[in-house]
Amino acid sequence: MTTHRYWLVKSEPSGFSWADLLASPDRTAEWDGVRNFQARNYMREMKLRDQVLFYHSSIPQPAVVGTAVVVREGYPDFTAWEPKNIHFDPKSTPEKPLWYMVDIQGKEALPYPVTLESIKHTPGLEKMMLLQRSRLSVQPVTAAEWKIIVALGKQGS
DNA sequence: GCCAACGTTGGC
DNA sequence: GCCAACGTTGGC
């Protein structure tokens with residue numbers, strides 16, 4: 001039997017949005033540019049077909065707007081090796097990569113985006129890491145939390 | 001635009 | 001190895 005895990009990734013829509021993901025070839029994007037060790041470690045735990053909540057941050061109504069799936073497991077984030085890239089980091093080299101990324105594929109839009117505000121007030125979601133560690137851009141979600149959020153996103157509250 | 005939270009850097 | 005300074009994120 002296969003088990004998969006659940007995650008939440010955050011993105012500022014002005015940089016890369018849910019719509020951008022859906023518009024990508026095969027609805028698939030490299031989740032590059034993560035430069036935080038804890039987030040990196042979580043990405044290295046991600047497995048094929050793990051489920052991902054896609055969250056829009058730094059907007060008036062931050063919210064989970066869709067679901068995605070991991071289609072490629074952790075591999076070196078080569079943008080760290082490109083001096084002109086905004087995510088360049090000289091401490092990472094092809095021989096000794098420091099940063100990793102995964103590929104995710106957009107799966108399902110949530111017709112009723114699940115706002116941060118509603119997450120705060122929904123029983124069962126009060127322990128979400130999002131509420132305590134708002135700055136962590138890749139974080140685990142429990143199966144129970146996943147279920148509640150996807151249900152809310154599909155049918156509203 | 002402000003500010004709190006918090007991760008990272010660097011001097012010692 | 002400590003800790004102050006600094007930078008970044010993200011909610012409001």
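Protein chains get the first letters and strands the later ones, always in sequence-line order, with residue 1 at the start of each.
Partner of A:Leu53 under the side chain to side chain contact (heavy atoms under 4.5 Å, CB included) criterion, chosen from A:Val114, A:Leu130, A:Val64: A:Val64. The only option from A:Phe37, A:Trp31, A:Phe78 that meets the ring-ring contact (aromatic ring centres under 6.0 Å, His included) definition with A:Trp99 turns out to be A:Phe37.
Paired runs in DNA chain C that reach 3 or more consecutive Watson-Crick or G-U pairs, where each pair keeps both distances under 3.5 Å, cover B:1-12 with C:1-12.
Within 4.0 Å (heavy atoms only), A:Pro62 reaches sugar-phosphate atoms of the nucleic acid but no base atom. Within the nucleic acid shown, A:Ser134 comes within 4.0 Å of sugar-phosphate atoms alone, with no base atom in reach, counting heavy atoms only. Backbone-only contact: A:Leu116 has heavy atoms under 4.0 Å from sugar-phosphate atoms and none from a base. Nucleic acid contact class of A:Gln61 (heavy atoms, under 4.0 Å, all strands): none.
Geometric assessment of A:Arg44 against the ring of A:Tyr100 yields a positive cation-pi assignment under the 6.0 Å and 45° thresholds.
Between A:Glu30 and A:Arg72, none of the side-chain N atoms (NZ, or NE/NH1/NH2) sits under 4.0 Å from a carboxylate O, so this pair counts as no salt bridge. The pair A:Arg35-A:Asp77 meets the salt-bridge criterion, since a charged nitrogen lies less than 4.0 angstrom from a carboxylate oxygen.
The two residues A:Pro13 and A:Ser57 make their nearest non-hydrogen contact at CD-O, 3.3 Å. The two residues A:Arg49 and A:Gln51 make their nearest non-hydrogen contact at O-NE2, 2.9 Å.
A 4.0 Å heavy-atom criterion places the boundary nucleotides of DNA chain C facing chain A at C:dG7 to C:dC12, written 5' to 3'.
A search for side-chain hydrogen bond (donor to acceptor under 3.5 Å, both in side chains) contacts involving A:Trp7 returns A:Asp50, not counting sequence neighbours.
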